[in-house]
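Keep in mind it's a predicted model, so treat the numbers as computed, not measured. Values reported hereafter were calculated over all heavy atoms of this structure, with side chains retained and with hydrogens, waters and symmetry mates removed.
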There are 2 protein chains.
Amino acid sequence: MARRSDHTREELKELALKSAEELLNDKSASELSTRQIAAKMGYTVGTLYQIFKNLPDLLLHVNARTLKILYDDCLALNLTSDNHQKNILAYANVYLEFAHSHPGLWELIFDNQILNDDELPDWYLQQVNSLFSLIEIQLKAIQPGASATEVTKTSRVLWSSVHGICTLSINNNLFAQSACSSEELIQSLISHFIMGWTTPTKQKARGKSE
Amino acid sequence: MARRSDHTREELKELALKSAEELLNDKSASELSTRQIAAKMGYTVGTLYQIFKNLPDLLLHVNARTLKILYDDCLALNLTSDNHQKNILAYANVYLEFAHSHPGLWELIFDNQILNDDELPDWYLQQVNSLFSLIEIQLKAIQPGASATEVTKTSRVLWSSVHGICTLSINNNLFAQSACSSEELIQSLISHFIMGWTTPTKQKARGKSE
DNA sequence: GCAATTATTTAACAATGCTCAATAATTACT
DNA sequence: AGTAATTATTGAGCATTGTTAAATAATTGC
């Protein structure tokens, strides 16, 4: 058979991504396979390779959609409060809630095995940056005097830390013994870190920023 | 052939683990295979399955050895300083340096695909806990008044955050654009977080711990 | 309505984790 | 010493994986 034209190229792409995403509701990223995705689409593997370069490429596009959802969820919060620490916490909770409700998709974002992070395309990096910038805006509001470099750095610290808490507390049961929820951990991280970040530095140790 | 007795059961175990570790010097965890390990040992896959239940089991033992190295490295620091924040930073740098010098082993520790974290054995969890306890000792020294729960929680927050920074900055190039080293990020995290944690709480927001 | 195009499939390759029957070397026993 | 029981090790095999490339069938253009 050929040129069934049941779906346009664009529809096929959408279909493939949606199929992969649905499969990730039930399985983890490592259990996902091209044949499974193709089967769910009602097509064969060969078709998949006409739309995407390979499986990592497909998964990269899944990730891009996930990042967009995260970004939109953050925007949907419509934060207007002057309590910028509370705002950052709200953003963190968007991550956390998404990680809890879509562990498969979340896992995939930070999966270094499947994705080859060595050469992430520009359009993807820009999406990541726009997420960072949300935090940077809040940080800048907290300390208007901070340099751009310092704000960037701080946003990375916060994002990485939130990420660490999300992954370790969700995929790993290393915390089973310490009966504290990931919400609590993130609350602790952000409140204490921001508190320390904004505390007037009397005489900070060498190597300290700001 | 049979019963070559070239190696005892225990020697085989050691040989297998060492072979896996050596392979991880050049490849990432996902590229590791049973046949490769067996070949490096000078044996066949079948032998591997007489020593370990399966590949995840083997890798779990690799991880256990990595954790031991980390723990020993921490002890070797022989920290006696009263500057407990500095001590924690020293521990963090042990992690970071190990992650940099042995990315394959480091990656494996936090790999949720390969390892099935659902049911980590007790002896493994205890190893993790002993690493945590090093941090907890320092935290307890910083704030003797803090409850055991609070100290445990805080150690988890710090460990997760350090982990997040290590993984994201090593495997992921999301930080390529923000020209700051992982050392700087960790320094920022720890100094600010501890500062915030120890800052006398005048009137903290609701939900705050301590 | 025939020919060119192309969407889709099928088959195939190499490699994976894992199992189990075949095999060969060492012990145990007479 | 020589046969029998034991067992360490292998090798073949299964199902699955990602990926490619040739075969196939349907649509378009003439």
Side-chain angles (χ1 to χ4, degrees), chain A residues 1-17 19-20 23-24 26-63 104 108 111-119, chain B residues 1-17 19-20 23-24 26-63 104 107-108 111-118:
Chain A
M1 28 216 89
R3 196 178 303 186
R4 297 193 333 201
S5 292
D6 287 355
H7 303 95
T8 78
R9 200 127 183 135
E10 212 50 44
E11 284 172 334
L12 276 179
K13 195 170 176 176
E14 171 69 25
L15 188 56
L17 294 177
S19 301
L23 285 170
L24 281 173
D26 299 327
K27 0 185 146 257
S28 78
S30 62
E31 296 164 338
L32 206 58
S33 81
T34 54
R35 285 174 173 87
Q36 281 176 26
I37 299 174
K40 187 139 201 156
M41 294 172 63
Y43 282 80
T44 327
V45 277
T47 307
L48 226 43
Y49 283 84
Q50 222 142 354
I51 318 172
F52 299 100
K53 191 173 150 249
N54 47 25
L55 182 56
D57 182 37
L58 190 158
L59 297 179
L60 182 75
H61 284 82
V62 170
N63 277 348
L108 190 60
D111 190 310
N112 310 112
Q113 321 284 338
I114 293 174
L115 246 63
N116 224 351
D117 298 15
D118 290 338
E119 287 184 22
Chain B
M1 27 215 92
R3 195 179 304 187
R4 298 190 336 200
S5 293
D6 286 356
H7 304 95
T8 77
R9 201 128 183 132
E10 212 50 44
E11 284 172 335
L12 277 179
K13 195 170 176 176
E14 172 69 25
L15 188 57
L17 294 177
S19 301
L23 285 169
L24 282 173
D26 300 326
K27 0 186 145 255
S28 77
S30 61
E31 295 164 338
L32 205 59
S33 80
T34 54
R35 284 175 172 86
Q36 281 177 26
I37 299 173
K40 188 139 201 154
M41 294 171 63
Y43 283 79
T44 327
V45 276
T47 307
L48 226 45
Y49 283 86
Q50 221 144 353
I51 319 172
F52 299 100
K53 191 172 149 248
N54 46 27
L55 184 56
D57 183 37
L58 190 159
L59 297 179
L60 182 74
H61 283 82
V62 171
N63 277 349
E107 197 184 0
L108 190 60
D111 189 312
N112 310 113
Q113 320 284 340
I114 294 174
L115 247 63
N116 224 351
D117 298 14
D118 291 338

Between [atom2] of [N] and [atom1] of [X], the distance in whole Å:
X	N	atom1	atom2	value
A:Leu48	D:dG18	CG	P	10 Å
A:Gln50	D:dT19	CD	P	15 Å
A:Lys27	D:dT16	NZ	C1'	13 Å
B:Arg9	D:dT9	CZ	C1'	12 Å
A:Ile37	D:dT17	CD1	P	11 Å
B:Phe52	D:dA8	CZ	C1'	17 Å
B:Leu59	C:dG17	CG	C1'	12 Å
B:Ile51	D:dT9	CD1	P	8 Å

Where the side chain of B:Thr44 is defined as all heavy atoms beyond and including C-beta, which of C:dC18, D:dT10, C:dT9 is the nearest nucleotide? D:dT10
Heavy atoms under 4.0 Å, any strand shown: does A:Leu12 hit a base, just sugar-phosphate, or nothing? sugar-phosphate
Mind checking B:Leu32 for me? I need base, sugar-phosphate or nothing, with any heavy atom below 4.0 Å counting as a touch. sugar-phosphate
Closer to the 5' end of DNA chain D via nearest nucleotide, is it B:Thr47 or A:Asn54? B:Thr47
Filtered N/O pairs between nucleotides 12-15 of chain C and protein, under 3.5 Å:
residue	atom	partner	partner atom	Å
C:dA12	N6	A:Arg35	NH2	3.1

Heavy-atom side-chain proximity of [X] to [Y] below 4.5 angstrom:
X	Y	value
A:Leu58	A:Val62	yes
B:Leu55	B:Ile37	yes
A:Phe52	A:Leu60	no

What pairs with B:Glu31 under side chain to side chain donor-acceptor pair (under 3.5 Å), at least two apart in sequence or on another chain? none
Taking side chain to side chain donor-acceptor pair (under 3.5 Å) as the test, write out the residues that go with A:Ser28, two or more places apart. A:Ser30
Measure across B:Ala38 and B:Thr44 and return the closest heavy-atom pair with its distance rounded to 0.1 Å. CB-C, 3.6 Å
Flag if over 12 foreign heavy atoms under 6.0 Å of CD, B:Glu10: no
